[in-house]
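The structure follows.
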Amino acid sequence: MSAEPIQEFFSIGEVCDLTELKPHVLRYWESQFRFLNPAKNRSGNRVYQRKEIELVLLVKHLLYTEKFTLDGARQKVEEHRRAGGLRGAARGALDAQVVESLERELHEILAILDGRPRGAS
DNA sequence: ATTCTCACA
DNA sequence: TGTGAGTA
């Protein structure tokens, strides 16, 4: 009964639309966070997967909303990862509040994606 | 049109 | 972080 071919890969441009960030910011973060390394296709273009969009949103939240420094955000995200990712962090040593709000933001975005065959406005 | 790297402010 | 140059 499944239907819509869910979009699995995203260009940097799509990720920017989805996260409200500029391409140069995403590329810069790549140089600051090892866990933010999207694969490159044959032509060298970044290919993002949903997991990476989650990371981008987490970093954006830490940096812009919680006003962490690059170093602080780096440590925080690594904590999240050691705790088992976005989800696992909830039962870890991190604020369930943040995780909750992130999942909400994420769901809003992914919901639109999953229910949208792309190309329609 | 989009994205990429690199340089520079 | 923002912008521009020269590519692919």
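Naming convention: chains lettered A, B, ... in sequence-line order (proteins, then strands); numbering from 1 in each chain. The shown structure was predicted, so the numbers you read here are calculated from the model rather than taken from an experiment.
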- Query: Aromatic rings A:F33 and A:F35: how do their planes relate, parallel, tilted or perpendicular, breaks at 30° and 60°?
  - Reply: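 Ring orientation of A:F33 relative to A:F35: tilted.
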- Item | Distance test, side-chain N/O of A:H24 to OP1/OP2 of C:dG2, below 4.0 Å |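 Indeed, a polar side-chain atom of A:H24 lies that close.
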- Intra- and inter-strand pairs of DNA chain B in dot-bracket (Watson-Crick or G-U wobble, both distances under 3.5 Å; | for another strand): .|.||||||
- Task: Check whether A:F9 and A:I12 end up in the same hydrophobic cluster, where Ile, Leu, Val, Met, Phe, Trp and Tyr are linked by side-chain heavy atoms less than 4.5 Å apart.
- Result: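 Unlinked, A:F9 and A:I12 end up in two clusters.
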- Query: If you group Ile, Leu, Val, Met, Phe, Trp and Tyr by side-chain heavy-atom gaps below 4.5 Å, do A:Y28 and A:L21 land in one group?
  - Reply: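 Yes, it is one cluster - the side chains of A:Y28 and A:L21 are joined through contacts under 4.5 Å.
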- Message: Categorize A:K40 for me: base, sugar-phosphate, or nothing, with a 4.0 angstrom heavy-atom threshold over every strand shown.
- Response: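 Answer is sugar-phosphate: A:K40 comes under 4.0 Å of backbone atoms only.
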- Query: Are A:R46 and A:E30 within salt-bridge range, i.e. N to O under 4.0 Å?
  - Reply: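 Salt bridge flag = yes for A:E30 with A:R46.
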- Taking the side chain as every heavy atom from C-beta outward, state whether A:F10 and A:E52 have any pair of such atoms under 4.5 Å apart.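 They are not in contact (no side-chain heavy atoms under 4.5 Å apart), so the answer is no.
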- A:L58-A:L70 co-clustered via ILVMFWY side chain contacts under 4.5 Å: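 As far as the 4.5 Å side-chain criterion goes, A:L70 and A:L58 are connected within one cluster.
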- Query: A:Y64 side chain N/O closer than 4.0 Å to the phosphate oxygens (OP1, OP2) of C:dT1?
  - Reply: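 For A:Y64, the contact criterion (side-chain N or O under 4.0 Å from OP1 or OP2 of C:dT1) is met.
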- Item | A:R46 CZ - C:dA8 P separation (whole Å) |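 From A:R46 CZ to C:dA8 P: 17 Å.
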- Straight-line distance of A:R74 CZ to A:L36 CG, nearest 0.5 Å: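 Separation between the atoms: 11.5 Å.
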- Have a look at A:Y48 and say if it touches a base, only the backbone sugar-phosphate, or nothing, with a 4.0 Å heavy-atom cut-off.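 Nothing, no nucleic acid heavy atom in range.
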- Task: Would you kindly confirm whether A:L62 and A:Y64 end up in one hydrophobic cluster when ILVMFWY residues are joined by side chain heavy atoms under 4.5 Å apart?
- Result: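 Cluster IDs for A:L62 and A:Y64 match.
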- Heavy atoms of chain A, cut-off under 4.0 Å: which first and last nucleotide of DNA chain B, 5' to 3', fall inside that, if you could look?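 From 5' to 3', the first and last contacting nucleotides are B:dT3 to B:dT5.
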